[in-house]
Amino acid sequence: MLQNCIDKYVEEKIHLAAKAISKSAFEKISDGDVILVYGCSSLVNYILCDAYERGRKFRVIVVDSRPRLEGRETLRRLVRKGISCTYVLITAVSYMLPEVSKVFLGAHALLANGYVMSRVGASQIALVAKAYNVPVLVCCETYKFCERVQTDSFVSNELDDPDDLIVTQKGKTELQNWQDVASLRLLNLVYDVTPPDFVDLVITDLGMIPCTSVPVVLRVKNVDQ
Amino acid sequence: SELVEYFKSQMHKNTDVASGVAAIRTLLEFLKRDKGETILGLRENLTKAIDKLTSVDSSVAVSSGGELFLRFISLASLEHPDLSECKKVMIVRGELFLKKISLSRDKVAKLCHTFIKDGAIILTHSYSRVVLRVLEKAAAAKKRFTVFVTESQPDAAGQHMADALRKLNVPVTLILDAAVGYVVEKVDLVIVGAEGVVESGGIINKIGTYQLAVCSKAHNKPFYAVAESFKFVRLFPLNQQDVPDKFKYKADTLKKSNNLAEEHPMIDYTPPSLITLLFTDLGVLTPSAVSDELIKLYL
């Protein structure tokens, strides 16, 4: 009984939602677009592959960042589909942005005050995109909407293993004994929050909404339940 | 066909009525005369009628008014499975909807005219019946104000606006579209109408509105938009390019032209960041509140 419930929830809120989001997103992708994506979001990958299958002509710029290098997975999936991609690190973003027509970001959560919690680096991309007047679209299923409120990335975040930041080049590891250096701390954050002013549009399974309408959706959802 | 004839006659008979209202009145008439046998058939016929109307007048208001009418009455079809019963309910609801929206312009005017202070200098764009009603109400409330109106080429609609205002004894000056940047430092507030209000809280209006909004923002002047609620439409443009072509050009241009890129667009999109407040019959809204209202209207 409980298993059926869970399966139904997964089917509706996750799989069908992805299809609905892909349908809305398809309208926003035009022929000749240059789309920038960051990291690895299964939803954004699904949208891009679906749009490509339906015949839209576009190319993708995959932005990646250390230490997780999740963009490689995105690159693998898109190239396998046949989509022409460019791969850059996040440091080159302001160089690439003048040729980009839109930015697609995934989200880990959408907070009640309209802030988007995503992989660390996403808010940087949104900031630079805003400076270049490039529209930023966030794709997010409604189950990721949460009632928490956060205005900056420090008040609550996850810390990842600081040793991941250490780089070994040509057999030399500069930071090998960083713990012994009293004045040095390595900080490896996992998430960051993007303010709603940098996000132009949120595509959800309920439709396309502006970032500030998240509390309305939460209210509607609570009424439904 | 007779549908189109009725629509055109409605538009001619009363030039004061918005094209969206005329479209809804036409659809209601169509509903009354429809001889469909099933509810599904009725819905299909209505959708076809809306398509035909948009092919005659491709403005945003006709499209949004039609869609809202369809939603407003189709909720009835869920409750009454019997066709004749359902049709009666639909017609009653349709009349109610029509009555509500004919009063909406007055409601908007009542809300907005209080924002016009005595001695104000107002800048407006092109010809808008809603803005005219607002200014009428303000003049009736014994407020003294002067108005600058942009000429608004290519159809010089601003001339109509200036003539109408002169009849109200309001001091009015007609300015070139290019003179907007020059004039905006003198004005206290900017009021424009809207052909459509989109989900983001931005507006679609006669070409030149976006420039006006950018100039007002640069000079920190409040930019107000006035629109009735039937103009709310389920579009979410990201930029000027993203607005569908069927709204940008007149219906005849769409049919005749070979290369749309050579035609001049008739409308533009003003993003919500440039709009201070929106006056609608649902109340005075900030651009971010528009999406909340749309969710309530459509869900």
Side-chain angles (χ1 to χ4, degrees), chain A residues 21 23-36 100-105 110 112-115 126 129-139 142 145 195-224, chain B residues 63-64 67-68 71 196-204 210-211 213-214 217-218 225 229 232-248 259-261 268-278 282-283 285-299:
Chain A
I21 295 179
K23 213 165 119 205
S24 313
F26 182 69
E27 297 161 31
K28 288 290 171 209
I29 302 178
S30 349
D31 282 330
D33 259 351
V34 179
I35 300 178
L36 189 134
V100 172
S101 52
K102 6 186 111 77
V103 176
F104 273 81
L105 294 176
L110 237 70
N113 56 352
Y115 280 66
K130 187 75 181 181
Y132 281 93
N133 247 324
V134 174
V136 174
L137 289 78
V138 169
C139 308
T142 45
F145 285 27
D197 332 331
F198 297 152
V199 177
D200 291 289
L201 170 60
V202 178
I203 310 182
T204 69
D205 37 311
L206 287 176
M208 298 193 255
I209 58 172
C211 233
T212 44
S213 289
V214 168
V216 183
V217 173
L218 281 170
R219 207 191 315 143
V220 167
K221 265 202 327 173
N222 285 336
V223 165
D224 278 344
Chain B
S63 156
S64 70
E67 221 196 294
L68 269 169
R71 273 207 71 86
V197 179
V198 296
E199 283 195 65
S200 56
I203 60 171
I204 294 188
Y210 178 55
Q211 262 156 240
V214 172
K217 186 80 179 187
S229 62
F232 282 26
V233 68
R234 293 222 80 175
L235 267 181
F236 205 127
L238 296 169
N239 46 31
Q240 306 296 341
Q241 282 254 24
D242 223 10
V243 179
D245 280 339
K246 65 177 182 183
F247 295 140
K248 281 192 200 162
N259 184 7
L260 275 178
D268 63 21
Y269 165 65
T270 306
S273 48
L274 301 172
I275 303 174
T276 323
L277 285 176
L278 275 126
L282 299 168
L285 308 170
T286 57
S288 41
V290 169
S291 164
D292 302 0
E293 289 300 323
L294 262 171
I295 293 182
K296 275 195 242 161
L297 268 175
Y298 275 98
L299 249 92

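FYI, side chains are in, hydrogens and waters are out, and symmetry mates aren't considered; it's all heavy atoms of this structure. Sequence lines set the chain letters: A, B, ... in the order given, protein chains first and strands last, and positions in each chain run from 1. Treat the numbers as computed from the prediction; the structure is a model and nothing was measured.
Within residues 239-246 of chain B, the residues having any heavy atom closer than 4.5 Å to a heavy atom of chain A are B/Asn239, B/Asp242, listed by residue number.
Judged as a side chain to side chain contact (heavy atoms under 4.5 Å, CB included), and not counting sequence neighbours, A/Asn133 has no contacts. A/Val214 meets the side chain to side chain contact (heavy atoms under 4.5 Å, CB included) test with A/Leu110, A/Phe145, A/Leu218; sequence neighbours excluded. Applying the side chain to side chain contact (heavy atoms under 4.5 Å, CB included) rule to B/Pro272 yields the partners B/Ser200, B/Tyr269, B/Pro287; only residues at least two apart in sequence or on another chain are considered.
Note: A/Pro135 leads A/Cys211, A/Pro135, A/Pro196 in heavy-atom pairs under 4.5 Å with chain B. With chain B as the partner, the residue from A/Val216, A/Val217, A/Thr212 showing the most heavy-atom pairs under 4.5 Å is A/Val216.
For the pair B/Glu199 and A/Met208, the tightest heavy-atom approach, listed with the atom from each and the gap, is OE1-O, 2.7 Å.
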Next on the checklist: Assess the residue pair A/Ser213 and B/Ser291 against the criterion (side chain to side chain donor-acceptor pair (under 3.5 Å)); give the C-alpha distance rounded to whole Å, side-chain angles, the decisive distance to 0.1 Å, and a yes or no.
Outcome noted: CA-CA 6 Å; A/Ser213 289; B/Ser291 164; 2.5 Å; yes
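The distance from atom CG of B/Leu238 to atom NZ of A/Lys102, rounded to the nearest 0.5 Å, is 6.5 Å.
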